[in-house]
Amino acid sequence: MPVSDLVSWNTVIVGLARNGLYEEALNIVRQMGNVNLKPDSFTLSSVLPIFADYVDVIKGKEIHGYAIRHGLDANVCIGSSLINMYAKCARVEDSHRLFCLLPVKDAISWNSIIAGCVQNGLFDEGLKFFRQMLIAKIKPRHVSFSSIMPACAHLTTLHLGKQLHGCIIRNGFDDNMFIASSLLDMYAKCGNIRLARCIFDKMDLHDIVSWTAVIMGNALHGNAHDAISLFEQMEKDGVKPNSVAFVAVLTACSHAGLIDKAWSYFNSMTKDYGIAPSFEHYAAVADLLGRAGKLQEAYEFISNMHAGPTENVWLTLLSACRVHKNVELAGKVAEKIFMIDPNNMGAYVILSNTYAAARRWKDAASLRVFMRNKGMKKTPACSWIEVKNKAYAFVAGDKSHPFYHRINEALKELLERMEQEGYVPDTKEVLHDVEEEQKKNLLYYHSERLAIVFGIICTPDGTTIRIIKNLRVCGDCHTAIKFISKIVQREIIVRDNSRFHHFEDGKCSCGDYW
DNA sequence: CTAGGGTTAG
């Protein structure tokens, strides 16, 4: 059989696969056998992306086996598509192994392993490969940047994201849609919504991803009205919202307490766009109802979910129960969660905090003992700040920190000025059964305050301070930071586990609703 | 007259 025959068969397969006609492409591959043609490296690397898209690791592995038997596994194109296929099937350790074994690595094989890591949440690993790629003198391409940027976004490493942005501009990649979307998302997640919006406005074209990224960014920063008007503009521009876009706009409503708006979007999603609500949509609405104190309504809403509620949806209601100190419903909700996952740590923590908030110290304590016996540990609160391209982490009351004494001095000084301005510590949320004086001390050393004071000491006057915290900011710290922003005349941006707070001149952008 | 990698998600 002449080679050109195989070439023309491959050409047809590629054409079909690239146009999304996967079944037709696979049919052609099957027919190759009937005319005694054997798939070669071109065939395999055209077919593998199909199984990556199908998340079909069984079929993918079959191809992998075929490649090994025919001595094609050292081919760089097959290698990249195998790395990609395993990563898409959540088998990134297999991708990793293949990448190491690959004798020749080009830019695309590097991009495959970087994207594979980032898509599986291995952000540090992805960054490590990115650096190794540079060391190996492989020039990053546009795909390298759009693959690695989400790692900066998730890790909130603004300095890295900015460096990469510089590279992108120098390479003239800044007009690429994928890169612009990932960049604007990175800036939004790292606390700079203004720059995120700037990048969005400079784009020539907007697709559903860039719209969603800018809507979500505004939602996270509490700019509900911007988020909603962007969503409406998107609809006007003829870009059809998808399920993710609705998550974004519902998140915006949820962070601003816009119940009626949220309902109208939730209903329009199914009615106007035929999108079935997923648990994220339910979670956003449940969160909104819960925080507005409509706990019973939220309970019924969740109970009527089509697919059956997930533990995450119940968890949003459980934290609402804690906020509104509804111990009875909290118990009922916790039970629902333990039916799905008996070892759900988050649920035990919130439940014990609910008891403590209702001053039921004994119940809280016995639950903590139970948790300790089960070997469950509460996540310690931690805040961090970037100063001069370095991240500094703080945990509450950490005396081992090298800057502890300087921070402590500054904290005392600041506290005096705060009290002169009218700050009264609010110990209601201190969930320990200890003396009032001790409670105050616990508050004064919350991790976010240590990080903020460190930032004030280490940066010139007027510099914006950006803090990231792994847990929710407590009510008293929220008040304290408002005072601090006024006293030191600095903009302080705090990202907790669910949203951003912009503190400026004694006020917070969330309007005290969060 | 042939092949592989990318952005949004409480």
Side-chain angles (χ1 to χ4, degrees), chain A residues 3-15 17-18 39-49 52 72 75-85 87-88 95 99 102 105-116 118-119 133 140-150 153-154 173 176-186 188-189 199-200 203 206-217 219-220 241-252 254-255 278-288 290-291 310 312-313 315-316 319 472 497-499:
Chain A
V3 177
S4 63
D5 254 21
L6 186 54
V7 173
S8 45
W9 281 71
N10 282 338
T11 311
V12 174
I13 294 164
V14 171
R18 280 192 186 150
D40 67 353
S41 61
F42 290 87
T43 325
L44 300 194
S45 40
S46 314
V47 161
L48 274 166
L72 299 171
N75 177 290
V76 66
C77 296
I78 294 183
S80 309
S81 24
L82 281 170
I83 290 165
N84 177 247
M85 184 276 296
K88 292 261 159 66
S95 306
F99 179 77
L102 209 57
K105 301 171 176 65
D106 65 4
I108 296 185
S109 10
W110 282 97
N111 288 344
S112 304
I113 190 66
I114 291 166
V118 174
Q119 286 161 0
M133 176 176 77
R141 304 218 236 159
H142 42 279
V143 178
S144 321
F145 291 105
S146 46
S147 306
I148 198 62
M149 201 57 76
H154 285 278
F173 289 156
N176 177 290
M177 179 100 99
F178 289 84
I179 291 180
S181 300
S182 65
L183 253 181
L184 90 82
D185 180 62
M186 182 278 294
K189 290 216 173 79
I199 290 171
F200 178 81
M203 293 172 73
H206 296 130
D207 64 354
I208 185 64
V209 176
S210 46
W211 278 110
T212 305
V214 76
I215 291 168
M216 193 51 155
L220 292 179
N242 61 12
S243 171
V244 186
F246 276 104
V247 172
V249 76
L250 286 172
T251 303
S254 131
H255 286 159
S278 73
F279 79 91
E280 281 107 337
H281 306 104
Y282 277 98
V285 176
D287 182 49
L288 190 44
R291 267 188 308 171
T310 62
N312 286 330
V313 179
L315 271 171
T316 65
S319 34
R472 190 179 184 275
N497 58 356
S498 71
R499 61 167 296 160

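Letters go in sequence order (proteins before strands), and every chain restarts at 1.
A:S147 is not listed as a side-chain neighbour of A:V118, based on a closest heavy-atom distance of 4.5 Å or more. The shortest side-chain heavy-atom distance between A:S95 and A:I113 falls under the 4.5 Å cut-off. Side chains of A:T43 and A:I13 form a contact here, defined as non-hydrogen atoms less than 4.5 Å apart.
In terms of polar N and O atoms assigned as donor or acceptor, the side chain of A:N176 comes within less than 3.5 Å of the base of B:dG6 in a complementary pairing. Judged by distance alone with a 3.5 Å cut-off, no donor-acceptor contact links the side chain of A:D40 to the base of B:dA3. A donor-acceptor contact under 3.5 Å links the side chain of A:S181 to the base of B:dT7. Judged by atom type and distance alone, A:N75 does not reach the base of B:dG4 through any side-chain donor-acceptor pair under 3.5 Å. Not a single donor-acceptor contact under 3.5 angstrom links the side-chain atoms of A:S46 to the base of B:dA3. For a distance-only test at 3.5 Å, the side chain of A:S80 qualifies as a donor-acceptor partner of the base of B:dG4. One donor-acceptor pair, N or O on each side, does fall under 3.5 Å between the base of B:dG6 and the side chain of A:S146.
Counting non-hydrogen atoms under 4.0 angstrom, A:A115 reaches the backbone sugars and phosphates but no base. A:T316 comes within 4.0 angstrom of nothing in the nucleic acid, heavy atoms only. Residue A:T251 is classed as a sugar-phosphate contact, given heavy-atom separations below 4.0 Å to backbone atoms only. A:V14 comes within contact range of the sugar-phosphate backbone alone, with a heavy-atom separation under 4.0 Å but no base atom that close.
Among the nucleotides B:dT8, B:dA3, B:dT7, the one closest to any side-chain atom of A:A213 is B:dT8. Minimum atom distance to the side chain of A:S45 is reached by B:dG4, of the listed B:dA9, B:dT2, B:dG4. Of the candidate nucleotides B:dT8, B:dG10, B:dG6, B:dG10 has the atom lying nearest to any side-chain atom of A:M216. Candidate nucleotides B:dG6, B:dT8, B:dT2 were compared by shortest atom distance to the side chain of A:D185, and B:dT8 ranks first. In this structure, of B:dG4, B:dT8, B:dG10, it is B:dG4 that holds the atom nearest to the side chain of A:V76. In this structure, the nucleotide among B:dC1, B:dA3, B:dG10 sitting nearest to the side chain of A:V7 is B:dC1. Minimum atom distance to the side chain of A:K189 is reached by B:dT8, of the listed B:dT8, B:dG4, B:dT2. Relative to the side chain of A:E280, the nucleotides B:dC1, B:dG4, B:dG10 differ in distance, and B:dG10 lies closest. Side chain of A:F42, nearest nucleotide from B:dG6, B:dT2, B:dG4: B:dT2. Closest contact between the side chain of A:T11 and the listed nucleotides B:dT2, B:dG4, B:dT8 involves B:dT2.
In this structure, A:N242 atom CG and B:dA9 atom C1' are separated by 9 Å, rounded to whole Å. At whole-Å resolution of the value, NE2 in A:H255 and P in B:dG10 are 9 Å apart. Between the CE atom of A:M149 and the C1' atom of B:dT7 there is a distance of 10 Å, rounded to whole Å. With rounding to whole Å, A:D207 atom CG is found 16 Å from B:dG6 atom P. One atom, NE2 of A:H142, and another, P of B:dG4, lie 14 Å apart when rounded to the nearest Å. Residue A:W110 contributes atom CH2, which lies 21 Å from atom P of B:dG4 at whole-angstrom precision. The distance from atom CG of A:L44 to atom P of B:dT2 is 17 Å, rounded to the nearest whole Å. Atom CZ of A:F178 and atom P of B:dT8 are 11 Å apart (whole Å).
Between A:K88 and the phosphate of B:dG4, there is no side-chain N or O to OP1/OP2 separation shorter than 4.0 Å. At the phosphate of B:dG10, neither OP1 nor OP2 sits under 4.0 Å from any side-chain N or O atom of A:R291. A:N84 has a side-chain polar atom (N or O) that falls below the 4.0 Å cut-off from OP1 or OP2 of B:dG6.
Ring orientation note: the planes of A:F173 and A:H142 are nearly perpendicular, at an angle over 60° on the 30°/60° scale.
Applying the side-chain contact (heavy atoms from CB on, under 4.5 Å) rule to A:F178 yields the partners A:S146, A:N176; only residues at least two apart in sequence or on another chain are considered. In this structure, the side-chain contact (heavy atoms from CB on, under 4.5 Å) partners of A:S254, at least two apart in sequence or on a different chain, are A:D287, A:L288, A:R291.
Side chain of A:H154 to backbone of A:K189: no donor-acceptor contact under 3.5 angstrom is found.
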